[in-house]
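Worksheet: the structure to be examined is printed underneath.
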Amino acid sequence: MDRRLLLQLGLAGLGTTALPTRLWAAAPDTPRLLVVFLRGAYDAANLLVPTSSPFYYEARPNIAIAKGAALPLDAAWSLSSAVADSIHPLWLKGQAAFVPFAGSNDVSRSHFETQDHIELGQPDDLPGGSRDFRSGFMNRLAGVLGAGSRLEAMAFTDQVPLILRGNLPVANQALRDLGRPGISASQAQVIAGMYANTRLHSVVSGGFEVREEVSRTMMGEGAGEMEAASRGAIATKGFALEARRIARLMRERVTLGFIDVGGWDTHVGQGGATGQLANRLGELGKGLALFADEMGPQWRNTVVVVVSEFGRTFRENGNRGTDHGHGSAYWVLGGGVKGGRVAGEQVEVKAATLHQMRDWPVLNEYRALLGGLFRRMYGLNDAQLATVFPGASARDVGLV
Amino acid sequence: MRNLATSAALTLCLLGCATAPPPAATAHGPAQDTLWLDRLTWGTTSADLAALRTRGRAAWLDAQLQPRNPAPLPEAAQAQIQALSITQQELLPLVQRMEAQRKAADALTDDAAKATAQKDYQQALTKLAREAAARQLLNALYSPNQIQEQLTWFWFNHFNVHQFKSNLRVVVGDYEQGLRERSLGRFRDLLGYTARHPAMLRYLDNEQNAANRINENYARELLELHTLGVGGGYSQRDVQELARVLTGLGVNLTDNKPKLKPVQEPQYRRQGLMEFNPARHDFGDKQLLGISVKGAGYEELDQVLDLLARHPSTARFVSRKLAQYFVADEPPPALVERMAERWRQSDGRIADVLRALVGSPEFEASLGRKFKDPTHYVVSAVRLAYADKVVLNTGPMIGWLYRLGQAPYNRQTPDGYPLDENAWAGPGQMTTRFEIARAVGSGSAGLFKVEGEPKDRPAFPQIAHPLYYEGIAPRLTAATQQALGQATSPQEWNTYLLASPDFMHR
C-alpha cells in the first residue's frame, strides 16, 4: 500500500484539542447522515443482481443467484433474497435506492489503500502529490456544517477512523459491548479532578461526557424496553443490536455518524442465494431495517449510505468465490430518499463492458456522487463542496 | 485510605525491609532516580530502584548497555517462554510445517472442508504471533535488560512489519529476536539483518522485485524510513537505482533451489529463508547518491548498505528518532546533533549514541514529561503491580493493547506506530486507560489465569510498596494526592494512582 499516504496521518491523530464541552440535543429537523463502510469489499453483483444478463449466469456457474430466487427491482436488476424482509420492504416504500457501478478510480485493488483513498476523499491525481492527508471527508463535512450549528459527529468504532479525523475533534465509542463502565460516575469525577489543571483536562472530561451521554441515551426513557427486546429473539446480538443503539444516539443527538462492518472478503465459497455472503447481507439488512425503525419520526430526516472500497471480480474464481475488483454498488436508504429505483449512470452488464475484462467499471465516482447528495441534503454551496471533496464536480442523481 | 496503603507497605517491609537501606551511591534523591528509571525501563520496580541506589547511575547504565544475553529471567517467566512452540522449534521447520498446512488446505475440493482447513491454518498462524507477543511482554516485564527491551520494541517499530501480511505471523517472533540481539550494537548490523530477513523482504514486496519488473516499495522505505529520512538528500532516481540493486533478493521457504544457468550458479546465495537469485538480478551498473555501484550481484547489497548506514543524514535521522522515543516529542536539536556526532565517531554504535543521550542535561530536564504510549502505559502498570509476582497470562495485556490501538506487530504501515503524544492522547484512549487502570488495580484481571483452569489464581496488586513511598509519592501533584485521599478501598486507591496524570507520563 502507499505508505507515504499514511505516514503523514501521524499528524492527523485526534490530538489534544478539546472536544465540544457538551453534546447538544440535535434540532428535530436537522438532517442525519450515517455512513456504513463495508470493509473487505462486498460482492455487489450478488446483492444487486443483474438478472437480465445472460453473461452473469455464464460468468458465475456456481454462485449466481437464479432469477426466480431474487426479488425483481426493474427490467435489469433484482435484489438478493437475503434482504427480502429487511431492505426490500424499504424499497417498496420508496425508501431505498441502489447505485451500481459506484466507487473510486483507484485501481490498486488493495483493501487498505482504496479504503484510505475513499475516506480521505481527495482527488486521485493531484499534480506534485499535493494531496492533503490530514483529514477525512466526513470531518471536513462536519467542519463545513458545524459553523454555527449544533451538529455532532461521532464514530461508532474503537478508534477514530480516517474518514472522521481532522481539524474538528470527533468523539468515538464502539457500541458493540456496552458493558456498564467499570469506572463509576463518582470515580470519574475524582479522576477528572486530577486532570483539572493539566493540558489533558478537556480530553479527559470530554471523554467522560461522551461516555456518560452514550450510557444515558441507552438507559434513558424507552431504552430499557429496547434493551429488553434485544435480549429476546429479534435483535439479540451483532450488527442488529449495534444498529439500534446507533439509531438511539442519532435520533437524540448525533447528526453525523460512521460505522464499519467487516467480513466481506469472500475469496472462497461465498455461496449464492444462500450461504456465507447471503448470511452476512442478511445480518446487515436486518440491522439497517431496525435502525430505520428505531429512528422513528426522525427517519424522514435521515440518509444512510452504504459504501465499500471496491467491487469484486465479475467472474467467479476457482474457489467458488470472487477476487478483488473495481466498481461496487452503493446503497442509499432513508425516509426522505427518492428510492424504489436503481440510480446513476449504468451500462449493460456483459463481457464487453467489464473494466479490464474482469470487473464492473466505475461510472459513478464516489466523490461526485456523494457531493451531489450532500448538496441536496444540506444545501451546500460550491465553496463548501470544494472543501469536502476538493476538485470534484458534484453530480446530482436525485437521491433525495 | 492512607492507613490502608501504609499497612500494605508495612506488611512488605516486615518481610523485606528488616535491614536499613545501604547508603546511596547516587547524587540524586530516590524520587529523581525513580523518574530516571521510569524513562530507561518499562516502568520502575522496587528492585530496580534498590539496585540503582546501591550501584549508582553510571554502573547501572554500563550494565544495561552491555547486557548479558540471554537475559536471566525469573523462573516462572522463563518457564512460560520455554513452553512456547516458537521457542521449541527452529524457524525453518516451523515455516515449512505451516506451508504444508496451507497447501493441504488449499488443495481440498469440498468448499466447507476447505473453508474449515483454511480457518485452522489462519488460527495456527495467529497463535504463533500471539506466542511472540507473549514472549515480548514477558521480557518487557521481567528482563533485567530493560534498555535492551525498550530498544527491541523501538527497532521493530523502526523496521516495522505487519503481522497480518501473508504468513508473517510465523516469522515476527524470529525477526524480533534478531533485533533484540543487535539492539545495542552497530546500526549497520541492524540494517543488514533486516535487509535479509524474510519478514522485511516479504512485507515490503522485495521478493517481487526483479530485473525489468521493478518493485520500488522496499527501496523507497529503506531510504525514507530506515536510513536517510524524508528530506535526507535522495531523489526518485536514487529510489529507482536502489530498487535495481535490490533485484533478486527474495524469500525461499522451501528446500529447493531455482533452476539456473551454469554461469549463474556461483552467484546464487541462500541464507536461512533469504535467497539471492541471480536470474532475477539486474547486473547493470547503478548510480546511487552520487556513487557508482558496479553491477556485481549479491555484493552490491553490502556496498550500498554501508553507504546508507554511514550517510550523515542517517546519523541525524535515527538519532532524532531515538531522542523522540527517549526524550521528547520535539527533541532539542542540539542534543540530536551531539548524538549524531557520537554516531559518526562510533560508526553508528547504538550503545554509544544512547550514552550521549542519557548523559545529557536535556535528558535529565525532560524526565517525567513524556506521555506514555499505550505499550509503556500497560507494561508499566503491570510492572508496578506485579514486579515481584510473575504474571501467568499476558493475554489480557495483549487485549488492552488492541483496545488502545498499539497491539504488538499490528501496525499496518511501514512507518511504525507514532511516538508522539498527539497520536495517543484522545478522549476514547483516556477513558479506556482508566478502565484498564481499574482492571489492573482491582484484582488479578485475568493475568493469573492458567489455560485449563476455571479461574484466576489468587493475586492482588501490591502498589503501595516501598517504591511508592520513596520514589513516587514525593513527586505526586497535590490534585493526585487529594484524589488518592478520597479512595474508599485499596482497589480504588490503586485505580486512582494508575489513572493519574502522574502515571500517564514517564
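When reading the values below, keep in mind they use all heavy atoms of this one structure, side chains included, and skip hydrogens, waters and symmetry mates. Letters A, B, ... are given to chains in the order of the sequence lines, protein chains preceding strands, and every chain is numbered from 1.
- Note that OG1 of T488(B) and CD of Q187(A) are 7.5 Å apart. Values are rounded to the nearest 0.5 Å.
- Around CD of Q356(A), the count of heavy atoms belonging to other residues, nucleotides or ligands within 6.0 Å exceeds 12.
- Heavy atoms only, all atoms of each residue included: A425(B) and V203(A) are closest at O-CG1, 3.3 Å.
- Interface residues of residues 108-118 of chain B toward chain A, defined by a heavy-atom distance below 4.5 Å and sorted by number: T109(B), D111(B), K114(B), Q118(B).
- A distance of 6.5 Å separates CD in E492(B) from OG in S184(A), rounded to the nearest 0.5 Å.
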In sequence, state the C-alpha distance, the side-chain angles, and the governing distance for L200(A) and E421(B), and then conclude on side chain to side chain contact (heavy atoms under 4.5 Å, CB included). CA-CA 11 Å; L200(A) 294 173; E421(B) 168 170 339; 3.9 Å; yes

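- Side-chain atoms of M430(B) and F208(A), non-hydrogen and from C-beta on, never get closer than 4.5 Å to each other.
- When all heavy atoms are compared, the tightest approach of I183(A) to F434(B) is CD1-O, 3.5 Å.
- In this structure, chain A has no heavy atom under 4.5 Å from any part of L204(B).
- Each of P501(B), A479(B), A439(B), S500(B) has some count of heavy-atom pairs under 4.5 Å with chain A, and the biggest count is that of P501(B).
- In this structure, R438(B) and G182(A) approach most closely via the heavy-atom pair NE-O, 2.9 Å.
- You'll find the side chain of R211(A) reaches within 4.5 Å of the side chain of E435(B), heavy atoms only.
- Taking all atoms of both residues into account, the shortest heavy-atom contact from Q486(B) to V190(A) is OE1-CG2, 3.5 Å.
- Contacts between R433(B) and chain A at a heavy-atom distance below 4.5 Å are absent for every atom of the residue.
- Within 6.0 Å of CD in Q482(B) there are 12 or fewer heavy atoms belonging to other residues, nucleotides or ligands.
- By the neighbour-count criterion of 12 heavy atoms within 6.0 Å, atom CG of N279(A) is densely surrounded, having more than that number from other residues, nucleotides or ligands.
- Nearest heavy-atom pair, M504(B) versus Y195(A), reported as atom, atom and distance to 0.1 Å: CG-OH, 3.2 Å.
- Note that OG1 of T198(A) and NE2 of H505(B) are 7.5 Å apart. Values are rounded to the nearest 0.5 Å.
- Heavy-atom distances place no part of N197(A) under 4.5 Å from chain B, backbone and side chain included.
- Within the 4.5 angstrom heavy-atom criterion, only side-chain atoms of F371(B), from C-beta onward, approach chain A.
- The distance from atom CD of E212(A) to atom OG1 of T431(B), rounded to the nearest 0.5 Å, is 12.0 Å.
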